[in-house]
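I have placed the structure first, in the form of structure tokens, so that the comments after it can refer back to it.
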Amino acid sequence: MHIINPATEEVLATVAEGDAPDIDAAVKAAREAFENGPWPRIRPHQRTEYLLKIAELVQQHAEELAHVITLDNGKPISEARNEVARAAEVFIFYAGWVTKIFGETNPSDPSLFNYTLCEPLGVCGQIIPWNGPLSMVAWKVAPALACGNTVVLKPAEQTPLPALAFGQLTLKAGLPDGVVNIVTGFGPTAGAAIARHSDVDNVAFTGSTSVGKEILHAAAGNLKHVSLELGGKSPNIIFDDANIELAVTGSATGIFRNQGQVCCAGSRIFVQQKTYDEFAERLTQAASSIRLGDPLEPRTTMGPLVSGEQYERVLGYLKVGKQEGASVRAGGERGPQSRGYFVRPTVFADVKGSMRIAREEIFGPVASLIPFQDETDAVLQANDTIYGLAAAVWTRDINRAHALARSLKAGTVWINCYGILDPISSFGGYKQSGFGRELGKHSIELYTQAKSVFIKF
Ligand code: NDP
């Protein structure tokens with residue numbers, strides 16, 4: 001498989017195209033490591049040390065990893081550096097969990113001693129997308145390893161290089177053979193082979209809602225555990241009483257970071273009527289001041305989209321938005337570069353909730369501004385979507401903030417901020433944004449199963 005640098009459209013590397021037999025070999029190695037290898041049997045303290053070692057190696061190779069991410073994915077180097085730092089944090093966080101995966105003793109019949117063990121699942125299949133090519137590795141691999149599982153991971157076809165670089169670090173860390181297996185390849189072949197494999201105990205998937213549904217069907221064969229983190233069309237609600245300056249900056253980050261290729265991007269921006277014009281004006285200025293260009297250049301704040309396919313898809317939505325009658329306040333077209341998948345940060349105003357650009361996940365730097373009247377109207381419009389990954393509210397009214405946090409159907413709600421993620425706190429979707437929660441203690445629940453033991457006196 002040729003890996004393309006999205007900033008230049010040149011071939012960056014060639015990697016192996018794994019298929020079902022390669023997945024099968026990886027699953028066999030992972031199974032052997034789980035059933036007969038040391039990994040699930042070593043002292044938990046020792047597993048902690050391995051996870052800390054991986055975190056340390058990620059930190060030591062931070063600059064190299066950040067460059068690989070930027071070359072492969074196109075995100076600005078500053079964002080790639082941040083992704084590496086956050087990935088290391090996830091390993092540190094789960095290193096701490098290894099020795100805290102407690103069972104329970106249960107007050108059963110007095111003639112019995114009854115306790116519950118929290119055991120690993122076994123071989124975990126993991127399929128990840130291209131938008132966070134290292135952070136997604138960390139979110140999936142760290143908790144699975146912390147719980148004593150072994151893994152078979154397939155990175156996205158566009159961005160396998162950060163995962164491969166990570167794999168080399170796990171070798172350096174001295175992980176026992178077969179514990180982490182990374183197979184590059186395409187979704188419908190290698191990815192599908194993981195989802196349907198009868199010796200894989202769990203599949204954790206991040207990606208599009210349509211593929212998520214396919215994974216669910218394929219996983220039914222052996223009833224493997226499934227967690228799905230899927231798409232979004234997240235509402236970002238700005239009330240008249242908000243600190244408008246902060247709301248503009250936060251909203252711009254919420255939709256334009258990573259070229260808008262973020263599952264929880266704040267792509268539907270609802271603005272209360274009195275503030276609408278001023279907000280639109282200021283967000284337009286913020287979009288126009290973004291530096292679109294070479295992602296390796298430190299001052300660049302927006303790079304190219306990840307691939308030619310994604311580029312065509314986003315340009316298609318820009319056309320749809322114009323045809324639907326939305327007005328372009330900023331961007332609305334490809335970037336000025338002669339090569340690379342650059343799209344200008346775009347602000348559409350006069351958007352109606354019924355338009356496709358307000359309903360479908362664009363996964364690009366495209367904001368839709370929609371007016372609302374009051375709290376009730378805001379909640380109705382915000383929840384009028386098949387998705388439910390995240391939402392944000394900007395207001396100085398604390399009562400309103402708490403009320404909306406409860407009314408919004410989303411797995412994460414931000415108040416007066418956007419896009420904050422922390423390994424300590426769960427992340428995942430309501431409705432068709434998926435099920436299962438990652439990060440926090442929730443990932444430990446995803447990667448373990450309970451066993452009750454009864455001992456008769
Ligand atoms: P996909 O859902 O196709 O890709 C995500 C991962 O799933 C990739 O590793 C992919 O492999 C793999 N995959 C694809 N088909 C199958 C299959 N049948 N069985 C098992 N695994 C499979 O997303 P795309 O890259 O096609 O992006 C399309 C749209 O999806 C985006 O525009 C965006 O709307 C959404 N998306 C959402 C993401 C999120 O974070 N929630 C992340 C990425 C995309 P391969 O790379 O070879 O296709």
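Read the numbers this way: they start at 1 and go in the same order the structure lists the ligands and their atoms. Note that the numbering runs from 1 along the sequence shown for the chain.
Note on R81 versus E63: salt bridge recorded, some NZ/NE/NH1/NH2 to OD/OE distance being below 4.0 Å. Residues R291 and E297 are not paired through a salt bridge, judged by the lack of any N-O separation under 4.0 Å between the basic side chain and the carboxylate. The pair E32-K28 does not meet the salt-bridge criterion, since no charged nitrogen lies less than 4.0 angstrom from a carboxylate oxygen. Comment: E89 engages R86 in a salt bridge, judged by a side-chain N to carboxylate O separation of less than 4.0 angstrom. Ion pairing of K75 with E83 is present here, as a side-chain N (NZ or NE/NH1/NH2) and a carboxylate O approach within less than 4.0 Å. For the pair R356 and E360, the salt-bridge criterion is met [side-chain N within less than 4.0 Å of a carboxylate O]. A salt bridge is defined here as a Lys NZ or Arg NE, NH1 or NH2 lying under 4.0 Å from an Asp or Glu carboxylate O, and R344 with E333 meets this definition.
Looking only at protein heavy atoms, the nearest one to atom 30 (O) of ligand 1 is S208 CB, 3.0 Å.
The proximity of L230 to ligand 1, defined as any non-hydrogen pair under 4.0 Å, is limited to the backbone. Heavy atoms of Q310 found under 4.0 angstrom from ligand 1 belong exclusively to the side chain. Counting heavy atoms under 4.0 Å from ligand 1, residue A195 does not touch it at all. For Q261, no heavy-atom contact with ligand 1 is shorter than 4.0 Å.
A perpendicular orientation is assigned to the rings of W130 and F363, their planes being inclined by more than 60° (bins at 30° and 60°).
By the 3.5 Å distance cut-off applied to N or O atoms, G191 is not counted among the residues near ligand 1. The shortest N or O to N or O distance between I128 and ligand 1 is under 3.5 Å. Of the N or O atoms in G187, one or more lie within a sub-3.5 Å distance of an N or O in ligand 1. Here's the thing with E214: one of its N/O atoms is less than 3.5 angstrom from an N/O atom of ligand 1.
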**Asked** Between E445 and K441, is a side-chain contact (heavy atoms from CB on, under 4.5 Å) present by the stated rule, with each step listed?
**Response** CA-CA 7 Å; E445 287 158 10; K441 67 173 185 198; 4.0 Å; yes

**Request:** Walk me through it: do T209 and S433 pass the test side-chain contact (heavy atoms from CB on, under 4.5 Å)?
**Result:** CA-CA 7 Å; T209 294; S433 290; 6.0 Å; no

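Evaluated by nearest non-hydrogen atom to atom 31 (C) of ligand 1, the leading choice among Y387, F186, F205, F363 is F363. For atom 10 (C) of ligand 1, the choice among M1, E157, K154 with the nearest heavy atom turns out to be K154.
Atom numbering of ligand 1 starts at 1 in the shown order; those under 4.0 Å from a heavy atom of T206 are 5 (C), 40 (O). Ligand 1 places these atoms under 4.0 Å from at least one heavy atom of R313: 32 (O), 34 (O). If you number the atoms of ligand 1 from 1 as listed, the ones under 4.0 Å from a heavy atom of E361 come out as 33 (C), 34 (O), 35 (C). Taking every non-hydrogen atom of I127 and a distance limit under 4.0 Å, the qualifying atoms of ligand 1 come out as 6 (C), 7 (O), 9 (O), 12 (C), 20 (C), 21 (N). With ligand atoms numbered from 1 in the order given, ligand 1 contributes 42 (C), 43 (C) to contacts under 4.0 Å with heavy atoms of P129. Near A192, meaning under 4.0 Å from any of its heavy atoms, are these atoms of ligand 1: 19 (N), 20 (C). Ligand-side atoms of ligand 1 in range of W130: 24 (P), 25 (O), 27 (O), range being under 4.0 angstrom from any heavy atom. Every atom of ligand 1 with a heavy atom of C263 under 4.0 Å away is listed here by number and element: 39 (C), 40 (O), 41 (N).
Using a 4.0 Å cutoff on heavy atoms, G185 counts as a contact of ligand 1. Ligand 1 has Q158 within reach: a non-hydrogen atom of the residue lies less than 4.0 Å from it.
Side-chain contact check for F93 versus P143: every heavy-atom pair is 4.5 Å or farther apart.
Within the 4.0 Å cut-off (strictly below), no protein heavy atom is located near atom 26 (O) of ligand 1. Distance screen at 4.0 Å: atom 13 (N) of ligand 1 has a protein heavy-atom neighbour inside the cut-off.
Residue Y418 is tested with T253, N236, T249 for a side-chain contact (heavy atoms from CB on, under 4.5 Å); the sole match is N236.
There is no side-chain donor-acceptor pair under 3.5 Å between K224 and H197.
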